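Read the structure below first, then the notes.
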Amino acid sequence: MRIADFALERYFAKHEFSTPHILCSSDIQGMAMRDVLALADDDARQRWDDLTLGYTETAGLPVLRAEIASMYSGISPDDVLTFAGAEEAVYIAANVLLGPGDHMITTWPGYQSLYEVGRATGADVTLIELKPEQKWKLDIEALRRTVRPNTKLILLNVPHNPTGATLTHDEWRTVVDIAEAAGAYLFADEVYRLLEYNPADRLPAACELSTRGLSLSVMSKAFGLAGLRVGWLIIRDSELRARMMAYKDYTTICNSAPSEILSLIALRARTRMLARSRSIVLRNLQLFHQLCMDRPHQLRMVAPQAGSVAFPELLGDTTIADAADTLKTQHGVLVLPATVYGYPGNFFRIGFGKEDFDVGLHTFAAYLDTLPGATA
Ligand SMILES: Cc1ncc(COP(=O)(O)O)c(C=O)c1O
């Protein structure tokens with residue numbers, strides 16, 4: 001399969017480990033191994049100490065699948081398949097579900113693999129543009145109009161990267177109805193779920209609303225453990241599940257054994273893990289929000305509703321590409337310009353997940369002071 005480069009991941013690969021202050025990551029600050037192990041209950045600690053490093057079960061460690069299932073209503077451990085991060089699940093789902101002659105719908109700007117893998121299968125991919133004037137929200141009627149008889153997959157990232165937008169409960173129900181009426185699968189990339197700023201905004205998982213709903217999640221975002229590379233997909237359709245599992249034989253075969261146990265520990269301690277993640281995000285969001293309020297002539301942001309990222313706009317004459325380059329090379333601060341999404345305008349992604357966000361933000365503010373019109 002030939003596939004276009006993943007521009008965002010190439011950008012991070014180039015700059016993430018050589019730039020001191022990362023203001024644009026979507027994951028939450030990783031935790032030290034000793035702190036994760038300190039959360040283990042007796043059973044998990046025993047599993048950790050006794051672990052032998054052989055192959056593991058393709059579908060995932062049964063007790064981990066059971067723990068994941070317990071986070072959803074009406075979902076059994078059998079419905080859960082684990083993967084190497086969310087990324088592997090996206091890759092496999094697109095390959096299993098799509099091919100030439102099929103149609104899929106997703107949104108843009110967005111996480112590139114959500115449409116690029118579909119394209120690489122030969123499927124026809126329609127991108128619905130999200131717009132700041134609509135508060136980056138999906139236009140549900142546009143979705144309805146875009147459905148075709150051969151629409152096999154509707155793939156939505158809710159809450160959304162990079163905008164932090166989500167949908168209302170009614171809108172989400174309508175999306176599910178549209179997918180069901182079309183006979184399409186609704187692949188819901190829910191990796192930022194559980195990071196809603198107002199708990200009332202938390203939507204039911206797609207898999208809880210429909211047998212055609214596939215719910216994707218991962219340890220990287222709300223649980224702050226990206227280095228585990230453990231993600232999962234809830235698939236209630238057993239035939240589809242079997243096909244996805246068979247495809248995994250060609251990618252990773254099974255998960256990393258230590259990562260499965262560490263994921264189990266973290267998910268069993270999820271109340272604490274989620275509280276930690278939310279407090280990091282909310283503190284940093286508040287700092288950035290204040291900066292936008294202090295500098296309305298330089299920054300504008302549609303307030304995010306959930307997740308760890310937002311997509312503000314740099315106002316004034318400096319292009320975001322130039323600003324990002326100067327910030328990186330002269331100030332050691334990494335922001336993600338919209339150009340990496342192929343998106344026009346002066347938008348950039350800001351990420352609220354890092355513990356030293358305030359330090360990078362201070363440098364970012366000092367840079368803004370150097371721009372023409374800084375004190376306008
Ligand atoms: C919307 C979305 N989906 C999937 C992923 C992939 O997650 P992971 O890197 O944990 O596999 C990301 C990562 O940034 C993401 O933002």
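Read the numbers this way: they start at 1 and go in the same order the structure lists the ligands and their atoms. The model shown is predicted, which means the values in this text are computed figures rather than measured ones. We count residues from 1, following the sequence as given.
A salt bridge links K328 with D325: the closest approach of a Lys/Arg side-chain nitrogen to an acidic carboxylate oxygen falls below 4.0 angstrom. Ion pairing between a basic and an acidic side chain is recognised when a charged N comes within 4.0 Å of a carboxylate O; R202 and E196 show such pairing. Taking a cutoff of 4.0 Å between a charged side-chain nitrogen and a carboxylate oxygen, R268 and D41 qualify as a salt bridge.
Here the closest heavy-atom approach between residue E180 and residue S210 is recorded as OE2-OG, 2.7 Å.
Within ligand 1, counting atoms from 1 as listed, the ones closer than 4.0 Å to a heavy atom of V218 are 10 (O). When each atom of ligand 1 is checked for a heavy atom of Y192 under 4.0 Å away, the hits are 1 (C), 14 (O), 15 (C), 16 (O). Ligand 1 places these atoms under 4.0 Å from at least one heavy atom of N157: 1 (C). Of all atoms in ligand 1, listed by their number and element, those nearer than 4.0 Å to a heavy atom of G85 are 11 (O). Heavy-atom contacts of N161 reach the following atoms of ligand 1: 15 (C), 16 (O) (cutoff under 4.0 Å).
Within the 4.0 Å heavy-atom cutoff, S26 counts among the residues contacting ligand 1. By the 4.0 Å heavy-atom criterion, K221 is counted among the residues contacting ligand 1.
Checked against the 6.0 Å centroid threshold, F311 and W136 count as a close aromatic pair.
Atom 7 (O) of ligand 1 has its closest protein heavy atom at A86 CB, 3.6 Å. Scanning all protein heavy atoms for the shortest distance to atom 6 (C) of ligand 1 gives Y111 OH, 3.6 Å. Ranking protein heavy atoms by distance to atom 9 (O) of ligand 1, first place goes to R229 NH2, 3.4 Å.
A ring-ring contact (aromatic ring centres under 6.0 Å, His included) check over residues 156-196, counting only residues at least two apart or in different chains, returns nothing. Pairs engaging residues 241-260 under the salt bridge (Lys or Arg N to Asp or Glu O under 4.0 Å) rule: D79-R241, E239-R243 [sequence neighbours left out].
Interatomic distance, SG of C207 versus CG of L214, reported as 8.5 Å (0.5 Å rounding).
Nearest-residue assignment for atom 2 (C) of ligand 1 (options L216, D189, V158; heavy-atom criterion): D189.
Proximity of S220 to ligand 1, defined as any heavy-atom pair under 4.0 Å, is confined to the side chain (atoms from C-beta onward).
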